[in-house]
Amino acid sequence: MSHFLEDLNLTQREAAMQIDGPVMIIAGAGSGKTRVLTYRIAHILNQGADPFQILALTFTNKAAREMKTRIGLLVNESYARQLWMGTFHSVFARILRVEAEKIGYPKQFTIYDTEDSKSVLKTIVKELQLDDKIYKPSLLLNRISDAKNKLINATQYQENPVHLTEDTQSKKPLLGQIYALYEKRNFRAGAMDFDDLLFQTNILLRDNPKVLLKYQEQFRYILVDEYQDTNFSQYLIIKQLAARFENICVVGDDAQSIYAFRGANIQNILNFKSDYPEARIFKLEQNYRSTVTIVESANAVISQNQDQLPKTVFTKNGTGAPILVFRAGSDSEEGQRIAHYIQDRSKHGVALHDMAILYRTNAQSRAFEEWLRRLNIPYKIYGGISFYQRKEIKDVLAYFRLCINPHDDESLKRIINYPARGIGQSTLDRILLTAAEQDLSLWTVISNLHDFKTGISKGIAEKLEAFCIKIKSYQALLQTQNAFELGQHIMVSSGIIPELFADKTIEGVARYENVQELLNGLKDFTEPQNTSEPNETETRFLADFVQDITLLTGTDLSDEKDDGTSKVSLMTIHAAKGLEYEFVCIVGMEENLFPSQLSLNSRSDLEEERRLFYVALTRAKTQLILSYAASRFKYGTMHFSEPSRFLDEIPKSFMEMALHPAQGNVAGKIKTTSQQIISNEISTSAQKKLVRVSAHLKPVSGTTVNLSFNQQLKIGDSVRHEKFGIGTIMHLNGIWPDTKAEIAFNPGGLKTLLLKFARLEA
DNA sequence: TGCGTGCTGATCATG
DNA sequence: TCAGCACGCA
């Protein structure tokens with residue numbers, strides 16, 4: 001037995017040692033799942049398996065990296081590096097690169113990200129002259145993605161009348177045709193979207209028995225993490241690959257299934273036993289992470305769900321502190337209170353990196369960012385848009401991509417007139433039209449322009465030719481120059497770097513810096529400083545750099561820039577999956593936000609929200625804060641909200657209502673410029689004070705009884721307006737006589753009125 | 001052709 | 001609120 005297995009408890013050890021035959025591990029939150037997986041892999045290696053015989057699929061790149069590091073510590077690093085470990089998308093992209101030609105794709109196929117995919121759809125909708133208000137690219141993509149994840153291709157989609165009926169009901173009868181065109185265009189462009197990476201892997205394995213056999217033989221041991229989040233397409237890949245040896249180990253927790261919205265099928269985990277009747281099942285139920293308060297609260301919440309595998313998560317840890325519940329009047333006040341609380345905890349010795357703020361939607365981060373910045377508390381936002389999705393980065397990458405795969409229409413469209421070279425929309429439209437008519441890529445059209453009747457003038461034809469020559473000159477260097485040399489050459493000679501350098505606005509400078517950052521990344525890639533593999537002297541080319549860059553996500557690169565200071569983490573709950581913190585603030589605990597309004601229609605959607613809440617709760621080790629706001633800005637207008645139903649699902653004995661903190665020095669933080677403007681961000685309490693103070697200081701001018709009454713108004717007061725009726729004052733901005741009030745009238749909604757003119761009565 | 005402006009409609013989570 | 005867009009002008 002491998003000596004390190006002694007670190008595990010009995011069930012964990014059994015699960016790690018059972019390396020032959022199908023195994024399912026149901027791992028409750030905080031039960032040491034990653035530990036079992038890493039030890040299991042290390043154990044398999046110790047039993048003499050080669051690392052390349054092990055296929056380990058994780059949900060995120062980060063999880064794969066962490067696991068590799070930990071395995072490296074248990075066995076040895078070079079072994080860990082040779083494992084086939086990564087996300088479904090990255091592992092199968094790697095296999096598809098090798099086998100692409102067997103399914104008719106070029107080896108250097110492009111991976112389209114969501115933005116590219118939507119753009120393809122947009123072009124198709126425009127070509128078909130359909131209304132893009134009805135045929136919205138994002139909806140179309142969702143529908144196509146659903147189909148692909150169920151392995152339904154465009155032909156099958158069109159042949160099944162059920163789809164047509166559904167699409168007709170949603171006023172999109174042509175969806176099938178659009179799907180077919182989308183498939184065709186992507187294929188012609190030598191491009192795969194995210195779902196294709198799985199779909200085409202299925203096709204590859206289905207149609208090429210020899211290839212299937214090769215990988216079945218190679219992957220003697222298969223492990224799948226987060227099995228509850230796999231979709232049908234992923235499920236079938238695994239099933240096929242595992243068919244030879246059936247040494248398959250899946251790990252998951254049905255209670256943490258939070259990706260049904262994008263096709264994850266919880267049935268995969270529920271049906272494992274019928275797929276592999278001789279499967280051994282292990283349940284990890286002891287939670288090592290959290291206090292009794294947290295574990296029991298989470299259990300109470302999840303018990304409200306009907307669909308679940310029976311299990312009892314327990315802990316031997318102490319009771320711990322009660323869950324604190326914060327109520328705030330507004331979203332801004334919520335930010336203020338949480339930020340102050342974090343500041344207070346930090347002063348009492350809790351490290352900032354041990355604290356996290358979790359929210360349902362990315363848009364909620366703003367109030368917290370503002371207040372953390374105001375209190376000089378360092379923070380770090382995870383997720384959001386990835387470095388590689390920034391416009392300026394995508395522009396550069398489009399040049400790279402086009403050189404490597406000239407039929408990549410999306411890249412070509414991006415850069416054909418960037419930097420501006422006088423090739424405008426009407427020219428592009430002519431090219432698009434010709435390409436569609438002849439069923440050719442844009443590149444084929446513009447590089448053989450004289451073969452087509454496009455109606456493009458001679459002058460513009462010359463510009464197009466110059467563009468082609470430029471791209472061809474880059475292509476000629478793909479095999480001779482290394483990634484950094486060629487990348488730099490392209491960035492400079494294409495005119496991108498000069499153009500960005502010339503822009504001295506704040507955003508322009510940031511864009512320039514980002515492109516420089518990309519260049520640094522290229523340099524690191526070309527000359528790896530990692531000396532652990534000294535014999536790796538192969539030249540790294542641009543194609544190697546570009547190939548799977550699309551698969552990196554927001555969190556994957558941002559770690560690099562970390563300066564080492566302790567920071568509070570801000571992220572969505574989805575992004576927090578798999579992480580843990582001492583202190584966790586779950587914010588925005590309101591009806592229609594969490595649970596989301598869109599989840600209220602069906603029980604299964606609501607149950608997914610509840611599982612999401614379960615995930616959020618179980619991130620905390622010692623202390624949980626839950627907060628909600630009575631009102632919140634949404635799309636620029638104020639909305640009132642009720643506390644979330646989930647709050648009621650936690651036993652009262654575990655919760656404590658936090659008192660409103662002393663509000664002493666808030667006013668001191670207000671800017672004292674000569675023209676004192678009260679900004680929106682200042683808490684309502686501070687506003688109340690200031691408005692009252694200013695009302696006393698300023699002499700009443702142009703007095704009527706009505707005006708002086710208006711001067712005395714404060715937030716929360718109820719007033720009557722002769723036209724709008726009765727309303728409540730929500731916000732006051734500016735100093736008399738320029739004070740504006742936002743008043744919520746019922747009915748009538750929110751109005752902003754200048755108080756000196758508004759005829760208000762008590 | 002390229003830009004500033006004002007309107008509109010949207011957003012739940014992600015590889 | 002904010003981004004994406006259709007418009008109108010130089």
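Here is the naming used below: chain letters follow the sequence lines, and residue numbers restart at 1 for every chain.
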Whole-Å distance separating the [atom1] atom of [X] from the [atom2] atom of [N]:
X        : N      : atom1 : atom2 : value
A:Lys118 : B:dT14 : NZ    : C1'   : 11 Å
A:Asp193 : B:dT14 : CG    : P     : 18 Å
A:Arg632 : C:dT1  : CZ    : P     : 16 Å
A:Asp146 : B:dT14 : CG    : P     : 17 Å
A:Phe633 : C:dC2  : CZ    : P     : 12 Å
A:His89  : B:dG15 : NE2   : C1'   : 5 Å
A:Leu198 : B:dT14 : CG    : C1'   : 13 Å
A:Asp196 : B:dG15 : CG    : P     : 18 Å

Identify all pairs in which a protein N or O lies below 3.5 Å from an N or O of nucleotides 8-13 of chain B, and state each distance.
| from | atom 1 | to | atom 2 | distance (Å) |
| --- | --- | --- | --- | --- |
| B:dA10 | OP1 | A:Lys136 | NZ | 2.7 |
| B:dC12 | O2 | A:Arg360 | NH1 | 3.3 |
| B:dC12 | O2 | A:Arg360 | NH2 | 2.1 |
| B:dA13 | OP1 | A:Asn362 | N | 3.3 |
| B:dA13 | O4' | A:Arg360 | NH1 | 3.4 |
| B:dA13 | N3 | A:Arg360 | NH2 | 3.4 |

Requested in this report: Please collect all salt bridge (Lys or Arg N to Asp or Glu O under 4.0 Å) contacts where either partner lies in residues 130-139 of chain A, sequence neighbours excluded, each pair once.
Outcome: none
Requested in this report: Just grab all the salt bridge (Lys or Arg N to Asp or Glu O under 4.0 Å) pairs involving residues 114-123 of chain A, residues at least two apart or on different chains.
Outcome: A:Glu115-A:Lys394, A:Glu115-A:Arg414, A:Asp116-A:Lys394, A:Asp116-A:Arg401
Identify each atom pair where a protein N or O and an N or O of nucleotides 3-7 of chain C are less than 3.5 Å apart, giving names and distance.
| from | atom 1 | to | atom 2 | distance (Å) |
| --- | --- | --- | --- | --- |
| C:dC5 | OP1 | A:Lys122 | NZ | 2.3 |

If the condition is ring pair (Phe, Tyr, Trp, His ring centres under 6.0 Å), which residues does [X] pass it with, not counting sequence neighbours?
X        : result
A:His639 : none
A:Phe525 : A:Phe545
A:Phe88  : none
A:Tyr635 : none

Report task. Indicate, with a heavy-atom threshold strictly under 4.0 Å, whether A:Asp113 touches base, sugar-phosphate, or nothing. Result ->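 The residue A:Asp113 makes no contact with any strand.
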Query - Sequence-distant partners of A:Gln547, side-chain hydrogen bond (donor to acceptor under 3.5 Å, both in side chains), two or more places apart - result: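 Scan of A:Gln547 (side-chain hydrogen bond (donor to acceptor under 3.5 Å, both in side chains), adjacent residues dropped) gives A:Arg97.
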Report task. Taking the six-membered ring of A:Tyr614 (Phe, Tyr or Trp), confirm whether the NZ or CZ of A:Arg611 is under 6.0 Å from its centre and within 45° of its axis. Result -> no
Query raised in the report: Do we get A:Arg94 above A:Trp84's six-membered ring, with its NZ or CZ under 6.0 Å from the centre and within 45° of the axis?
Result: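 Geometry flag: set, cation within 6.0 Å and 45°.
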Query - Residues in salt bridge (Lys or Arg N to Asp or Glu O under 4.0 Å) contact with A:Lys171, at least two apart in sequence or another chain - result: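 Residues passing salt bridge (Lys or Arg N to Asp or Glu O under 4.0 Å) with A:Lys171: none at all.
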Query - Listed partners of A:Asp429 passing salt bridge (Lys or Arg N to Asp or Glu O under 4.0 Å), at least two apart - result: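 Testing A:Asp429 for salt bridge (Lys or Arg N to Asp or Glu O under 4.0 Å), a comparison that skips the adjacent residues, returns A:Lys126.
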Every protein N/O lying under 3.5 Å from an N/O of nucleotides 1-6 of chain B:
| from | atom 1 | to | atom 2 | distance (Å) |
| --- | --- | --- | --- | --- |
| B:dT1 | OP1 | A:Thr427 | OG1 | 3.3 |
| B:dT1 | OP2 | A:Ser426 | OG | 2.2 |
| B:dG2 | OP1 | A:Asn417 | ND2 | 3.3 |

Query - Integer angstrom distance from the C1' of B:dA13 to that of C:dG4 - result: 22 Å
